[in-house]
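Computed from a predicted model, the values in this text were never measured in an experiment.
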Amino acid sequence: MGSCCSCLNSDDRSDENQPLLAENEREAITELLRYLENRTEIDFFGPGPLRALSTLVYSDNLDLQRSAALAFAEITEKDVKAVGKEVFDPILLLLQSSDPEVQRAACAALGNLAVNNDNKVLIVQMGGLDPLIRQMESQNTEVQCNAVGCITNLATQDDNKAKIAKSGALVPLTRLAKNKDLRVQRNATGALLNMTHSLENRKELVNAGAVPVLVSLLSSTDQDVQYYCTTALSNIAVDEINRKKLFQTESRLVSQLVELMDSPSSRVQCQATLALRNLASDPSYQLEIVRAGGLPHLVTLLKSTQQPLILAAVACIRNISIHPMNEALIIDAGFLKPLVDLLDYKGSEEIQCHSVSTLRNLAASSEKNRSALLEAGAVQKCKNLVLQTQGSVLSEISACFAILALADDLKQKLLDLNLVDVLIPLTFSNYDEVRGNSAAALANLCSRIPDYSYIIKDWHQPNDGISGFLIRFLISENNTFEHIALWTLLQLLESGDPEIHRLIKTNGKIMDGVKALNFSTSELLSNEKTKEMSGMAHIQPDDSRYDVYHLTEQILQSIS
């Protein structure tokens with residue numbers, strides 16, 4: 001929100017009981033008329049024009065006050081810039097008036113000036129919130145509209161938001177959000193939206209009773225109001241405590257948001273989807289969105305030509321896919337093909353990342369799902385993507401590979417796809433998570449497979465092959481990486497393949513690495529045991545150092 005709703009209507013009424021004009025007032029009127037005749041060349045915030053306007057403001061004549069207020073409103077509508085205290089003093093004085101015409105014009109002038117960031121800060125510092133809150137309580141719709149519009153503009157400045165939240169403005173804003181006048185509704189819901197960008201302000205909004213009002217307005221026929229409300233609720237749903245309250249009190253929220261995913265307004269569609277994404281951070285909502293019929297809408301949005309809609313939809317389905325009860329339903333709803341297609345999406349690594357993450361979630365607990373992913377071409381697409389991306393996308397891809405490699409019935413197919421040729425280079429990644437995931441995938445592919453010819457083929461190539469990976473991880477001084485390398489070696493030795501056994505036994509660097517770990521952990525455990533016996537320390541049976549030692553002992557026994 002960054003504009004003030006203009007509710008000004010000129011009113012030429014005069015009061016026969018107004019006092020006669022003083023000489024300085026006549027001079028001010030004459031001076032001001034002269035300035036207005038040359039308005040394109042005049043700076044009305046300069047000393048002369050401002051002095052003339054101020055004279056009218058401080059007059060006891062209501063017509064002069066009205067004229068000054070209307071002049072300020074007209075001037076600020078056309079000339080918005082940072083101004084000083086000398087400009088705001090007369091406008092804030094006009095806000096004290098009991099006359100609706102003066103009130104509405106003064107609120108409009110203040111709202112126009114509040115488009116400028118410096119002015120936003122100064123208005124609040126000068127105590128502008130209190131009179132604006134009083135004007136929001138007015139019975140005059142035009143005054144309400146302009147007062148709320150000014151608050152809306154002020155609330156776009158970060159330092160102002162907490163002050164507005166503590167000022168008592170949220171209760172009247174919430175009440176005005178239900179106003180029958182659409183302009184007031186728009187300004188009020190826009191102001192509430194602007195107040196949702198910090199945790200503390202969201203708490204104040206919830207306490208002010210804003211949530212039921214925002215939810216009720218989702219059914220508004222006005223797309224601006226829908227947009228402000230969906231966005232505000234999306235921000236409110238970022239907080240776990242708010243999500244729990246929403247789940248307990250707003251039973252129709254999900255169904256209304258699902259309906260808005262089919263809105264003719266793309267920005268309403270997008271914000272409704274983002275609101276569902278945030279709600280789907282909780283397992284209860286992950287199920288509720290599916291029950292409310294959200295999946296068909298999300299499939300449609302994934303195929304959109306608009307990047308914001310695609311991103312919102314893929315982020316939402318990613319969260320929904322976390323719940324294991326949703327996995328089969330998501331695949332049955334036709335998500336696999338569009339998700340795999342999005343792996344090729346250019347211009348947004350975030351879309352690619354969410355797509356891979358969703359595929360990883362779908363593969364996590366079902367061999368049927370893993371087979372479906374393979375048949376849909378997900379592995380080949382991910383292999384191609386590895387060469388073109390980095391960071392979070394690589395992390396998700398490597399995690400997906402590790403999960404797919406768990407399935408015994410898929411291992412041979414993954415080897416046939418030459419997945420090892422991709423996994424080995426990934427073990428050189430600068431990201432520990434990528435290296436660890438890729439190594440875990442390699443370890444899984446080396447365990448319980450019917451044909452070890454692929455492992456033998458890849459023993460030295462590419463990038464020093466599987467043997468190079470094992471050596472690097474054995475000497476990494478990273479306990480997790482050491483453990484993966486040792487476990488991989490043990491799986492290979494337990495394969496019973498004589499060539500695998502020979503390759504390991506004759507590789508001096510591998511054997512040196514195993515023996516070095518065996519010696520260092522044996523010595524360390526011996527020292528810890530001595531301390532334990534003296535009451536200085538205590539080793540837990542599942543200590544990772546014990547696991548490393550145990551694995552080295554098994555490997556050395558296997559090759560002896």
Side-chain angles (χ1 to χ4, degrees), residues 386-387 389-406 414 419-447 454-456 458-495 500-501 503-528 539-559:
V386 162
L387 305 175
T389 190
Q390 56 184 349
S392 58
V393 181
L394 273 185
S395 178
E396 294 293 344
I397 290 175
S398 59
C400 188
F401 285 159
I403 288 172
L404 289 171
L406 285 170
L414 294 174
L419 188 59
V420 173
D421 292 347
V422 171
L423 292 174
I424 290 174
L426 285 177
T427 63
F428 287 91
S429 171
N430 293 326
Y431 303 96
D432 282 354
E433 189 173 5
V434 174
R435 284 191 287 165
N437 288 337
S438 304
L442 277 171
N444 291 334
L445 289 178
C446 290
S447 172
Y454 279 103
I455 306 301
I456 296 169
D458 294 322
W459 188 251
H460 295 296
Q461 295 292 334
N463 302 90
D464 295 329
I466 293 173
S467 63
F469 141 67
L470 291 169
I471 293 165
R472 282 183 285 108
F473 275 53
L474 286 171
I475 62 175
S476 66
E477 297 185 357
N478 179 308
N479 191 264
T480 300
F481 290 176
E482 293 167 354
H483 192 283
I484 292 173
L486 292 169
W487 188 85
T488 306
L489 279 169
L490 189 60
Q491 300 306 303
L492 291 171
L493 289 169
E494 291 179 349
S495 68
I500 292 289
H501 198 277
L503 287 170
I504 294 172
K505 188 173 182 178
T506 58
N507 191 307
K509 290 184 178 179
I510 289 178
M511 296 312 303
D512 287 345
V514 174
K515 291 174 182 176
L517 285 174
N518 179 263
F519 176 78
S520 63
T521 52
S522 174
E523 188 175 54
L524 182 63
L525 292 171
S526 177
N527 291 338
E528 292 288 350
I539 296 180
Q540 298 295 329
D542 60 346
D543 191 296
S544 58
R545 293 168 296 181
Y546 179 84
D547 290 340
V548 168
Y549 173 73
H550 183 66
L551 285 169
T552 59
E553 284 287 296
Q554 289 180 284
I555 292 168
L556 293 173
Q557 289 175 12
S558 296
I559 60 175

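A 4.5 Å side-chain heavy-atom check between L419 and L404 finds every atom pair outside the cut-off. Side chains of L442 and F473 form no contact here, defined as non-hydrogen atoms less than 4.5 Å apart. Within the 4.5 Å cutoff, side-chain heavy atoms of Y549 are placed close to those of S522. At least one side-chain heavy atom of R472 sits less than 4.5 Å from a side-chain heavy atom of F428. Residues Y454 and V420 have side chains not in contact (no heavy-atom distance under 4.5 Å, counting atoms from C-beta outward). Side-chain contact between F469 and T488 is present, with heavy atoms from C-beta onward closer than 4.5 Å.
Remark: I466 CD1 to I471 CD1 distance equals 12.0 Å, nearest 0.5 Å. Here the straight-line distance linking atom NZ of K505 with atom CD1 of I555 works out to 14.5 Å at 0.5 Å rounding. H460 NE2 to N507 CG: the interatomic distance, rounded to the nearest 0.5 Å, is 7.0 Å. Considering CG of L517 and OG1 of T552, their distance stands at 7.0 Å, rounded to 0.5 Å. Remark: L551 CG to Y546 OH distance equals 10.5 Å, nearest 0.5 Å. Summarising the geometry, atom CD belonging to E553 is positioned 11.0 Å from atom OG belonging to S558; distances are rounded to the nearest 0.5 Å.
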Passes side-chain contact (heavy atoms from CB on, under 4.5 Å), M511 versus T506? Steps please. CA-CA 8 Å; M511 296 312 303; T506 58; over 6 Å; no
Could you please spell out the steps behind the side-chain contact (heavy atoms from CB on, under 4.5 Å) verdict for L490 and L486? CA-CA 6 Å; L490 189 60; L486 292 169; over 6 Å; no
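Identified under the side chain to side chain donor-acceptor pair (under 3.5 Å) test for residues 474-487, with sequence neighbours left out: N479-S544.
When all heavy atoms are compared, the tightest approach of I510 to L474 is O-CD1, 3.7 Å. The shortest non-hydrogen separation linking I455 to L492 is CG2-CD2, 3.9 Å. Minimum interatomic distance between P462 and I424 (heavy atoms only, all atoms of both residues): O-CG2, 3.3 Å. Heavy atoms only, all atoms of each residue included: A439 and T427 are closest at N-CG2, 4.1 Å.
Although no hydrogens or angles enter the test, the distance criterion places a donor-acceptor pair under 3.5 Å between the side chain of N444 and the main chain of A440. A distance-only check finds a donor-acceptor pair linking the side chain of S467 to the backbone of W459 [under 3.5 Å]. Here the side chain of H501 pairs no donor or acceptor atom with the backbone of S495 at under 3.5 angstrom. Side chain of N437 to main chain of E433: a donor-acceptor pair is present (N/O by atom type, distance under 3.5 Å, no hydrogens or angles).
In this structure, K509 does not pair ionically with D512, as no charged nitrogen and carboxylate oxygen lie closer than 4.0 Å.
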